[in-house]
Amino acid sequence: MKANAVKTALVTGASSGVGWEASAQLAEAGYRRIVVAARTLAKADEARDALLARVPGAQFVPLALDLDDFTSIDNAAQALVAAGNPIDALILNAGVAATSELRRTADGIEQIMAATITGHHALTSHLLRAELLSPSARIIIAGSEAARGDVPTFSNIDVQALAAASFDGDLERAIEAILRVDKPVKFANGTQYATAKTFAVWWAKELATQLPAGMTVNAVSPGNTPDTKASREMPAIMRRVMLPIMKLMPSMWHSVPTAAARYLTVIEMPDGVTGQFFASPATKMTGPVTSMTMSHFTNVEGQRALWNVINRVAGVSNASKN
């Protein structure tokens with residue numbers, strides 16, 4: 001607790017669910033200041049008030065941050081820079097669960113990809129360029145069990161195969177087509193979601209190669225946590241059939257506090273633990289966080305291509321300073 005007494009954390013998607021709970025647990029762990037980011041300032045204010053009711057005396061700072069909107073991200077970053085408080089824990093928790101229909105942002109990015117990857121990349125880039133992350137900062141990006149390839153109804157797009165078949169082997173063109181769901185990519189909710197979460201792992205692995213010594217970045221799956229608002233965005237078969245069935249089997253799901261605690265577990269890992277993906281053990285939906293070693297999570301060429309693409313679509317020239 002004393003070691004955390006001077007620390008600042010920022011949590012995206014903090015208005016409800018795992019993000020809200022993670023914010024509460026950070027305060028209970030002694031963090032001095034927690035920036036609670038939500039899509040609107042009204043939602044962030046509501047989250048702060050509810051968090052104060054749970055952890056009286058803690059300092060929760062509301063921040064408007066719409067990850068679909070690069071202007072909103074720019075404004076949020078400017079507010080953080082103006083406040084001038086170095087961030088010790090950056091939890092990129094916000095996201096959109098698999099949706100039943102294709103939705104794109106104003107910049108033409110499919111919404112699951114925008115919330116998972118491009119928006120968080122833009123925010124992190126701003127913070128790195130402004131040197132607003134502390135020398136020992138811990139960065140966490142939300143992954144998912146769905147990315148492993150062993151969860152029913154979810155599968156990953158084979159980026160190499162798509163590039164070879166439709167883009168003369170150009171991985172960057174293939175990845176941008178996936179981000180935007182441009183032809184020949186067709187929107188399938190489970191596939192898009194699993195691929196977005198695999199991209200989150202690739203992103204963490206690539207950023208880990210660029211961060212200064214002392215900083216770490218890892219992807220962390222909260223595990224199967226049906227008691228969040230994210231399920232509202234899922235296709236009907238998931239909401240009405242699969243989730244109720246899972247809730248009849250305790251080993252198939254866990255609580256929101258248990259999910260949020262996974263972030264704090266990985267935040268406390270030592271400096272050498274970086275560029276990894278922590279999730280439930282293979283084929284499981286809950287359990288102790290375990291480093292995933294499936295072959296599709298290690299793709300140096302793919303992760304570099306992804307980095308280049310999201311730099312371009314997010315208007316970022318160089319996301320890190322060494």
Side-chain angles (χ1 to χ4, degrees), residues 11-13 18-19 22 89-98 112-113 115-121 124 137-151 154-160 175 178-179 190-211 215-225 230 254 258-307 309-310 319-320:
V11 183
T12 69
V18 178
L90 177 61
I91 300 182
L92 306 174
N93 161 79
V96 175
I112 297 171
M113 291 289 176
T116 302
I117 292 290
T118 59
H120 281 143
H121 177 79
T124 305
R138 298 295 189 256
I139 304 170
I140 299 292
I141 187 167
S144 172
E145 313 292 343
R148 294 194 314 244
D150 56 13
V151 178
F154 292 96
S155 60
N156 287 285
I157 295 174
D158 187 328
V159 177
Q160 265 82 8
I175 288 170
I178 295 169
L179 292 180
T191 300
Q192 191 74 0
Y193 181 76
T195 304
K197 293 303 186 178
T198 295
F199 282 176
V201 178
W202 287 9
W203 180 85
K205 286 181 176 291
E206 182 61 27
L207 179 56
T209 70
Q210 302 187 33
L211 287 176
M215 293 187 192
T216 70
V217 56
N218 291 288
V220 180
S221 168
N224 188 35
T225 315
H254 58 203
T258 298
R262 286 184 168 199
Y263 293 154
L264 275 71
T265 294
V266 177
I267 282 172
E268 295 302 321
M269 290 182 177
D271 289 354
V273 181
T274 189
Q276 297 189 41
F277 173 37
F278 292 94
S280 303
T283 76
K284 306 295 184 182
M285 303 293 281
T286 63
V289 289
T290 304
S291 182
M292 297 290 100
T293 58
M294 290 82 169
S295 60
H296 64 281
F297 292 135
T298 302
N299 186 326
V300 175
E301 187 180 14
Q303 70 193 41
R304 186 67 236 177
L306 173 69
W307 190 267
V309 171
I310 54 178
S320 65

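The shown structure was predicted, so the numbers you read here are calculated from the model rather than taken from an experiment. Any value given below was found using the heavy atoms of this structure, including those in side chains, with hydrogens, waters and symmetry copies removed.
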S.K.: Distance from Phe199 atom CZ to Asn299 atom CG, nearest 0.5 Å?
M.R.: 9.5 Å
S.K.: Find the distance between CZ (Arg148) and CZ (Phe277) and round it off to the nearest 0.5 Å.
M.R.: 7.5 Å
S.K.: Is there a side-chain contact between Gln192 and Ile178 (heavy atoms, below 4.5 Å)?
M.R.: yes
S.K.: Tell me, do Val151 and Met285 make a side-chain contact under 4.5 Å, heavy atoms counted?
M.R.: yes
S.K.: Grab the two heavy atoms, one from Ala196 and one from Ile112, that are nearest each other, plus how far apart they are.
M.R.: CB-CG2, 3.8 Å
S.K.: Could you measure the distance from the CG atom of Leu306 to the CD atom of Glu206? Nearest 0.5 Å is fine.
M.R.: 8.5 Å
S.K.: Backbone N or O of Pro281 within a donor-acceptor pair of the Thr283 side chain at under 3.5 Å?
M.R.: no
S.K.: Measure from the side-chain N and O atoms of Arg262 to the backbone N and O of Ala279, and report whether any donor-acceptor pair falls under 3.5 Å.
M.R.: no
S.K.: Please report the interatomic distance CD1(Ile141) to OG1(Thr124), rounded to the nearest 0.5 Å.
M.R.: 7.0 Å
S.K.: Given side chains that start at C-beta, do those of Val201 and Met292 come closer than 4.5 Å, heavy atoms only?
M.R.: no
S.K.: Work out which heavy atom in Thr116 is nearest to a heavy atom in Ala200; give both atom names and the distance.
M.R.: CG2-CB, 4.2 Å
S.K.: Side chains of Trp307 and Gln303, heavy atoms from C-beta outward: is any pair under 4.5 Å?
M.R.: no
S.K.: Report yes if some heavy atom in the side chain of Ile139 is under 4.5 Å from a heavy atom in the side chain of Leu211; otherwise report no.
M.R.: yes
S.K.: What pair of heavy atoms forms the shortest contact from Ala147 to Phe297, and how long is it?
M.R.: O-CZ, 3.4 Å
S.K.: So which atom in Met269 and which in Val273 form the shortest heavy-atom distance, rounded to 0.1 Å?
M.R.: SD-CG1, 3.7 Å
S.K.: Cut-off 3.5 Å, side chains only: do Thr286 and Ser280 have a donor facing an acceptor?
M.R.: no
S.K.: Can you name the closest pair of heavy atoms from Ala22 and Tyr263 and give their distance?
M.R.: CB-CD1, 4.0 Å
S.K.: What is the minimum heavy-atom distance between Pro222 and Ala259, and which atoms define it?
M.R.: O-CB, 3.2 Å
S.K.: Under a 4.5 Å cut-off applied to non-hydrogen side-chain atoms, are Asp271 and Arg138 in contact?
M.R.: yes
S.K.: Any donor-acceptor pair under 3.5 Å linking the side chain of Thr12 with the backbone of Asn93?
M.R.: yes
S.K.: Which value, rounded to the nearest 0.5 Å, describes the distance between Gln276 atom CD and Lys205 atom NZ?
M.R.: 7.0 Å
S.K.: If the plane angle is over 60° it's perpendicular, under 30° parallel, otherwise tilted; pick one for Trp203 and His121.
M.R.: perpendicular
S.K.: After noting the C-alpha distance and the side-chain angles of Ile91 and Ile267, does the key distance pass the side-chain contact (heavy atoms from CB on, under 4.5 Å) rule?
M.R.: CA-CA 9 Å; Ile91 300 182; Ile267 282 172; 3.7 Å; yes
S.K.: Counting distance only, does the side-chain N/O of Thr195 pair as donor-acceptor with the main-chain N or O of Ile157 below 3.5 Å?
M.R.: yes
S.K.: Determine yes or no for a side-chain-to-main-chain donor-acceptor pair under 3.5 angstrom, with Asn218 supplying the side chain and Phe278 the backbone.
M.R.: no
S.K.: For a 4.5 angstrom cut-off between non-hydrogen side-chain atoms, does Trp202 reach Val159?
M.R.: yes
S.K.: Measure from the side-chain N and O atoms of His296 to the backbone N and O of Asp158, and report whether any donor-acceptor pair falls under 3.5 Å.
M.R.: no
S.K.: Determine whether a donor-acceptor pair (N or O, by modelled atom type, separation under 3.5 Å) exists between the side chain of Thr118 and the backbone of Ile310.
M.R.: no
S.K.: Side-chain contact, heavy-atom cut-off 4.5 Å: Thr216 with Val266?
M.R.: no
S.K.: Checking Thr258 now: which residues fulfil side chain to side chain donor-acceptor pair (under 3.5 Å) with it, not counting sequence neighbours?
M.R.: Ser255
